[in-house]
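Note sheet for the following structure.
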Amino acid sequence: MKKLLKVILSLTLCASMLLTLMPFGLADGDDRLKVGAAKVDITGPITDISTGYNSLGDLMEGLLTRLYARAFVIDNGNTPVVFVSAELVHMTESIKPGVMAKLRQDKYDMFSEENVMLTATHCHSSTSNTSWFALYDLINGVPGYDDESYKIIVRGIAKAIEQAYDSRVSGSASLVYAETEISASNRSADAFLTNKNVGSYGYAVNADGTFSYETGLKAAKNAYNHEMAGIILTAGGKDIGFFNFFGSHGTSNGIDNTLVASDHKGYAALKVEEEMGDGFVAAFAQADSGDTSPNAVNEADYHEAFLRPNEIYGTDVIENQIIHGKEEANAALNLINHAERTPLTGDFAVNYTAVDFSDITVDTKYVGEYYMPYDDLSSGTVKTSEPCIGAGIIAGDEEGAPVDNAAEGAVRHQFVWNEETQSYERIPCDFTMIDLKGLQYLFKPLWPTAMKILQSDGYDEAQAEKVVCLAVGKLMQKAQPLQIMRMGSVAIAGVPFELTFEQANRTRAVLEETLSAAGVTKVIIATHANAYSQYVTTREEYAAQHYEGATCLFGPWSGAALTQELDKLAQGIVSGEKADAGAALMQKTPFKLVYTAAAIANPVIDRKGYGKVKADVSKAEYEKGEWVTASFSGVNPRHVSILTLKDSELVDGYSYMEVQKLVDGKWITVLTDTDPYTTFRCVNSARDGWTATAGWLIKGDNFEDGTYRLVYNGIAKRLVKAKMSYIPFSVESSQFNVSCDS
């Protein structure tokens, strides 16, 4: 009996020691799992700041829907895993260092680069100007860095993480996924069809690489990842949060949009949160969206600009994000309500590194059969290159800005077999062969000179088919953060790139094979994570030099390099070995940084008259589907951003505009600037000062017949008794009646 007791005691001690040694262990059914979710407004300046399309001269002029950061914490009692989805066009390399510094300042020392993953939804209707490097601040609507925007984003993301962590309760996390019917299109179908394995997807391509128009159209309509995968957090018998991944560019709002908005993923999040209620937090993160558009193929020619809902259905332009967003929201609700749930029990582990992507030696086993016939693989390795932008971008893309007289893929070097030498020869791009309205004749004499001035001519060999127009190694961060967070049977791989559909498939296949040894059955690739560094395509797509290949910065082997470096992290997850921290990342704002004009100094005192109606509502009776607007003499909306950073009570629950309804003799606010059917625009002129315009497209479910008015809420900056003060004010339009019967 004593022997039996000793055996039992020994086994108990051994089991206890094994559990203690598990670095991020969570035994099946362990009740130590805690979950939390939170969202925080990160809407910064809405005027005098660049749009997300990087169109020179285009600046934001107001607000369509607010931007949020949503944070999710899954804590196994040892190390909490944090995932954040922020409604931004880019998770620029500056943001995560700022967030981590704020968390350390606030004594949240349990967070590190390893266990915190920050992602952007890539909504092109959000603001930019937040990078610490020149490349992503120079090519904006207004060049430079906007510290107010940056600080509000960092502050909001950190606050969301802290609130999610502080709100943790005992619960569970579950994986769900399914094929969806979400509409999308491949905006680079011809490049996709150059991939050697497209036959396995059912596309008929001839041996010489040619294919029928019907095949190209089919690829444009279908060659994207139809799956939505996500993680549901549950506590107290109810779901409290859900973050999911579906690849679709944040381009529902067009290139001419000048209103800050969260695009279709932001609308989907609001819709699901409304449907679920009770503080539910929903985030719609990006997956492999590099060549995937939410917009529709032009049936007449799939190479032409894709069509947005307003062009197809005659709806208003602000409904583009709503129409696309409803599809993603419905897919998410279907997963929440009907999908089979796989509880995330078992080991938790994280692995992180930063890699200088300009200098990676890649083992050709990660190249496999995917190379061009003229590639030299004899050494057993290939290398990445200094980052370079290709001239192929001059053709634009089908997302909304293709150039009529320059086709994608035309601006590239060719490799031609020479029978005499029995070798391939590189034939430089001949710009005179491209219809650029006469500009091509200037390229021929000017291009060699320009290449030397820009120091770009030295990378032709490393960049292969790419016609290098600008080497950007000194203008951007070359070190790229890579991360894997494993939670039981699911692993999320975070990358700072936009991956094409096929490149993501190839990378994911390698990671799933490696991580299967650790019991992982599902790998999710989270793009736009922790930093941003343009596109990564397959080798074949790179050779095609469409828009995505021209902006695959680190050369033809970028895809193989990414797969290799992520696989190293995956191997570490399996073996329990932590990766080296890797290349150094900038940790604080550099001293030498060019600021935008609006960010250099605080807004001036408001001296012109404000708070008066300038253009009242146009009539007394409106019907459903009509626009109602009113304009007012206003003030600089950047006062709101400044007060936000000061944690002023003046901006607690602040809305630039309201729709109010007359109920029992009292005016009740029924809509604010958070509603997707309201707009706020604010423009400045030297003669008239600021003009604020509140708008309401009378649609949606949140109104009934009745009497309404529009309200503009401003905060003026004034000198009061020689002291600088901020004075809130409101001004109302005339009342008007709305009928819903039409």
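Position 1 is the first residue of the sequence, and the numbers go up from there. Bear in mind the structure is a predicted one, so any value in this text is a computation, not a measurement. Computation of the quantities below employed the complete heavy-atom set of this structure, encompassing side-chain atoms and omitting hydrogens, waters and symmetry-equivalent molecules.
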Just checking, is any N or O donor in the side chain of [X] or [Y] under 3.5 Å from an acceptor N or O on the other one?
X	Y	value
Ser641	Glu148	no
Glu399	Thr251	yes
Ser125	Asn257	no
Thr130	Thr92	yes
Asn320	Asn253	no
Thr292	Ser248	no
Ser289	Glu498	no

Using a strict threshold of under 4.0 Å (side-chain N to carboxylate O), is an ion pair present between [Y] and [X]?
X	Y	result
Lys326	Glu319	no
Glu548	Arg187	yes
Glu565	Lys568	yes

* For Phe133, does the CZ atom have more than 12 heavy-atom neighbours from other residues, nucleotides or ligands under 6.0 Å away? -> yes
Are [X] and [Y] packed together at the side-chain level, in the sense that at least one heavy-atom pair is separated by less than 4.5 angstrom?
X	Y	value
Asp146	Pro45	yes
Ser533	Phe554	yes
Met91	Thr119	no
Leu585	Gln477	yes
Tyr656	Pro637	yes
Thr527	Phe497	no
Tyr177	Ile524	no

Does [X] use its side chain to pair, donor to acceptor, with the backbone of [Y] at less than 3.5 Å?
X	Y	result
Asn351	Leu569	yes
Asn636	Arg638	yes
Arg308	Ser252	yes

* To do: Applying ring-ring contact (aromatic ring centres under 6.0 Å, His included), name anything that partners Phe72, two or more places apart in sequence or on another chain.
  =>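 Once residues adjacent in sequence are excluded, the partners of Phe72 under the ring-ring contact (aromatic ring centres under 6.0 Å, His included) criterion are Phe243.
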* ring-ring contact (aromatic ring centres under 6.0 Å, His included) partners of His122, counting only residues at least two apart ->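 Scan of His122 (ring-ring contact (aromatic ring centres under 6.0 Å, His included), adjacent residues dropped) gives His90, His124, His249, His528.
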* To do: Heavy atoms only: give me the nearest Leu67-Ser126 pair and the separation to one decimal.
  =>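 Heavy-atom minimum between the residues: CD1-CB, 3.9 Å.
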* Structure fact -> With Phe284 as partner, the option from Arg70, Lys271, Lys265 fulfilling side-chain contact (heavy atoms from CB on, under 4.5 Å) is Lys265
* Asked: Who are the side chain to side chain donor-acceptor pair (under 3.5 Å) partners of Arg66, not counting sequence neighbours?
  ->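 For Arg66 the side chain to side chain donor-acceptor pair (under 3.5 Å) partners, ignoring immediate neighbours, are Asp41, Asp673.
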* Kindly determine whether Thr500 and Glu541 satisfy side-chain hydrogen bond (donor to acceptor under 3.5 Å, both in side chains), including the steps that lead there. => CA-CA 9 Å; Thr500 62; Glu541 291 164 350; 2.8 Å; yes
